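Here you go, one structure.
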2 protein chains.
Amino acid sequence: MAQESPTFSPLYRQIRGLLTQALQSGEWRPGEAIPSETELAQRFNVSQGTVRKAIDEMAADNLLVRKQGKGTFVATHHDPRAFFRFLRLAPINGTIETSQSVPLECWRARAGQEVARMLDIEVGSQIIIVRRLLKFAGKPVVIDEIYLRGDLFPGLNLEVLKEQQGSLYSFFETRFGVRMVRAEERLRAVAADRQSAEYLEVSDGSPLLSVERVAYTYDDKPVEWRRGLCSTADHYYLNTLN
Amino acid sequence: MAQESPTFSPLYRQIRGLLTQALQSGEWRPGEAIPSETELAQRFNVSQGTVRKAIDEMAADNLLVRKQGKGTFVATHHDPRAFFRFLRLAPINGTIETSQSVPLECWRARAGQEVARMLDIEVGSQIIIVRRLLKFAGKPVVIDEIYLRGDLFPGLNLEVLKEQQGSLYSFFETRFGVRMVRAEERLRAVAADRQSAEYLEVSDGSPLLSVERVAYTYDDKPVEWRRGLCSTADHYYLNTLN
DNA sequence: TAGTGGTCTAGACCACGAT
DNA sequence: TCGTGGTCTAGACCACTAA
C-alpha cells in the first residue's frame, strides 16, 4: 500500500471514502442494511477490523447506525430518535410536544448574490423558496424561509409539500433522495417584523431567535439555506458543548 | 471477567472509569502527559489495545489529547485551539478578534431554590456570584452572571478574578483545580433590561441573546450555572449539527 | 442454531518527535 | 536511534436477533 507523506491517508479512511461514495450513489438507500463487515472486507480486500474502523467513524458521524445482532444500516431522518438532531427546540415547561409543519408558500426563483454564495451555485440558477410555519402542540413557534437548489428537488410545490409527514428532511429523503448530513447554524436575537409577529402571534417588535442554517449532503455540498424566526416565549434552543 | 447482562460493561469502559478517576483525583494534571499505553496496559493488566480504546473514547470527549510521537496529554482550557469550544460567539464580519473578560462584581451568597436545583446542592449552601463583561475587540458583547459552588472556589473574589489571563475556565483550572468538561446551554431571545442595555451599549429593550449554561466537571457534577446576555448586533452564536 | 456486530488479545509494522 | 502513538491484521470468544 502506498502510504507516503504528505498525502498519507490510512486504509480505513480510504474505505470510508468508498462507502460514502456507495451511499451517495444510492447503492444502499436510507433505512436499508449495508453488507456485513465480513462481506465488505472481502469486497475491498482488507481485513474485517479495517472495515470496522471505517464504519465506526461513519457511525460516529451519524451516517450509519449499528444494531448489534442485526447489521449496520444507512441512517435515516425517519428514525424518531434522530428527529431532534436538527431541531434543537424544546418546551421550557413540560415534556415532548407534537410538532406540525404547515407549508404556506412555495415558488421558484433565480438565485441572488447572497443565496448563490450560501448554496455555492451560480447567480441566476434556479432555486426554490418555501415558507412554512412550525407548530408545537398546535401553537405557532417558528416561521421558516427555506432556499433550496432547484435542480435537486424537481416537481416540488405547495401541493407536494402538503403530503409531508414527519420531518421535512425525512420528506426530502424519501421523495427526492436528498439526505441532509450536516448543518451549520448561526443564531442571533432580532426584533419581530410585522408579518412574522402576526404568524407567531406575538406583538410587533418582540425579541425572536433568528436561526440561519446551511445544510449539507454527503459530499459536503450545500443544499439548503434557511432562516427561521423562533418565538422563545415557551421554548428554548438546546445545545450541548463537549 | 464477569460480563453478564444487564450490568455488562466492557473492559475498555471500566478502564475508562479508572482513568477518569485518576484524572479526577489529580494524579495527572491538565497539560501533563499520562503514562504510555503500554505502561497503562501493564498497570491495569489488560492488553494495549484495550487501553487504546478507552483513551480513544476519552479523546473523542475532549478529556485527553493524543499527540503522535509524543504521548497522550490531559486536555486543558489553556490550549488556544480549545478556546472556542465553550465560547461559540464569532464576529459577523471579519476574522478572529481578541476577547477580554472584565470582572465587575463578585460576592458570596446562599443558594436559593433555583440555583440549588441547577447546581444540585442544598438550598442555603454557600455560592459565589460573579458578574463580568466580555469584550470583543474592545467592545462589550456579553454580560454574564455566574453562579459557582462556594466550596470549590475558596478565596475567589474580585481581586483574584482580575488576575485572570485567557479564558475563565482556564483560570478556574489552574487556580482551583476545577476543570469544566461538558456544558448544556439553553438559548432564548429576550429584551434588554435597562442595566444590561447600558453595559452592552445598546438601547433599552433591544433584542438580546440569552444563553443559560450549566457546566459540569469530570463526574458529571454541575459546578457552574450562568446566564449571559449577548448583543448580536455584530456577532452570532455558531453551532454545528452533525 | 446461524448470522450479525461487539470485545479482547497479540503481534507486526509505520509515522512522528526528540535525542 | 528510541519511544510514542497510529495502522493493519488475524483469530477467539461474547452478546444480541431472528428463524
Side-chain angles (χ1 to χ4, degrees), chain A residues 1-19 22-23 28 31-76 79 81, chain B residues 1-19 22-23 28 31-76 79 81:
Chain A
M1 287 293 143
Q3 293 186 347
E4 291 170 16
S5 302
T7 330
F8 173 69
S9 168
L11 196 44
Y12 73 85
R13 218 173 272 279
Q14 299 174 37
I15 301 300
R16 177 183 174 151
L18 295 171
L19 290 174
L23 286 176
W28 314 302
E32 286 179 11
I34 70 171
S36 75
E37 296 182 351
T38 335
E39 273 181 82
L40 290 169
Q42 285 168 4
R43 167 165 163 181
F44 296 130
N45 262 299
V46 296
S47 82
Q48 182 256 3
T50 302
V51 172
R52 164 160 279 270
K53 187 147 185 184
I55 294 181
D56 276 345
E57 269 202 357
M58 296 175 75
D61 286 352
N62 292 303
L63 298 172
L64 298 173
V65 177
R66 320 191 78 137
K67 293 183 186 170
Q68 182 170 155
K70 297 179 75 174
T72 302
F73 299 78
V74 182
T76 169
D79 188 347
R81 291 169 302 179
Chain B
M1 285 293 143
Q3 293 187 346
E4 290 169 19
S5 304
T7 329
F8 173 68
S9 169
L11 197 44
Y12 73 84
R13 218 172 271 281
Q14 299 175 36
I15 302 301
R16 179 186 173 147
L18 294 172
L19 290 173
L23 286 176
W28 314 302
E32 286 180 11
I34 70 172
S36 75
E37 297 182 350
T38 333
E39 274 181 82
L40 290 169
Q42 286 168 2
R43 166 164 162 181
F44 297 130
N45 261 298
V46 296
S47 82
Q48 181 257 3
T50 301
V51 171
R52 164 159 279 270
K53 188 148 187 183
I55 294 181
D56 276 346
E57 270 202 357
M58 295 175 76
D61 287 352
N62 292 304
L63 298 172
L64 298 174
V65 176
R66 319 191 78 136
K67 293 183 187 171
Q68 183 170 151
K70 297 180 73 175
T72 302
F73 298 79
V74 182
T76 169
D79 188 347
R81 292 169 304 180

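For clarity, every value in this text was computed on a predicted model and none was experimentally measured. Quick note: numbers below take in every heavy atom, side chains included, and nothing from hydrogens, waters or symmetry partners.
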Please table the atom pairs, donor to acceptor, closer than 3.5 Å between any side-chain atom in residues 59-69 of chain B and protein atoms at least two apart or in another chain.
residue, atom, partner, partner atom, Å
B:Asp61, OD2, B:Arg16, NH1, 3.2
B:Asp61, OD2, B:Arg16, NH2, 2.8
B:Asn62, ND2, A:Asn242, O, 3.4
B:Arg66, NH1, B:Asp56, OD1, 2.4
B:Arg66, NH2, B:Glu37, OE2, 2.1

With a 4.5 Å cut-off on side-chain heavy atoms, are B:Arg43 and B:Leu18 touching?
no

Just how far, in rounded Å, is P of C:dC13 from CG of A:Leu11?
17 Å

Using whole Å, report how far CD of A:Gln42 lies from C1' of D:dA10.
14 Å

Have a look at B:Thr72 and tell me which of B:Ile34, B:Val51, B:Leu19 forms a side-chain contact (heavy atoms from CB on, under 4.5 Å) with it.
B:Ile34

For B:Tyr12 and C:dC8, is the shortest distance between a side-chain N/O and OP1 or OP2 below 4.0 Å?
no

Whole-Å distance between D:dA18 C1' and A:Phe73 CZ?
12 Å

Got a list of protein N/O to nucleotides 1-5 of chain D N/O distances below 3.5 Å?
residue, atom, partner, partner atom, Å
D:dG3, N2, B:Gly69, O, 2.9
D:dT4, O2, B:Gly69, N, 3.3
D:dG5, OP2, B:Glu37, N, 3.1

Quick one: which of C:dT9, D:dT7, D:dT9 gets closest to the side chain of A:Thr50?
D:dT9

Heavy-atom side-chain contact between B:Glu57 and B:Lys53 under 4.5 Å:
no

With A:Thr38, which residues qualify under side chain to side chain contact (heavy atoms under 4.5 Å, CB included), at least two apart?
A:Ser36

Backbone N or O of A:Ser9 within a donor-acceptor pair of the A:Gln14 side chain at under 3.5 Å?
yes

Given atom CG of B:Asn45 and atom C1' of C:dC8, what is their separation to the nearest angstrom?
14 Å

Nearest whole Å is fine: how far is D:dC8 P from A:Glu57 CD?
11 Å

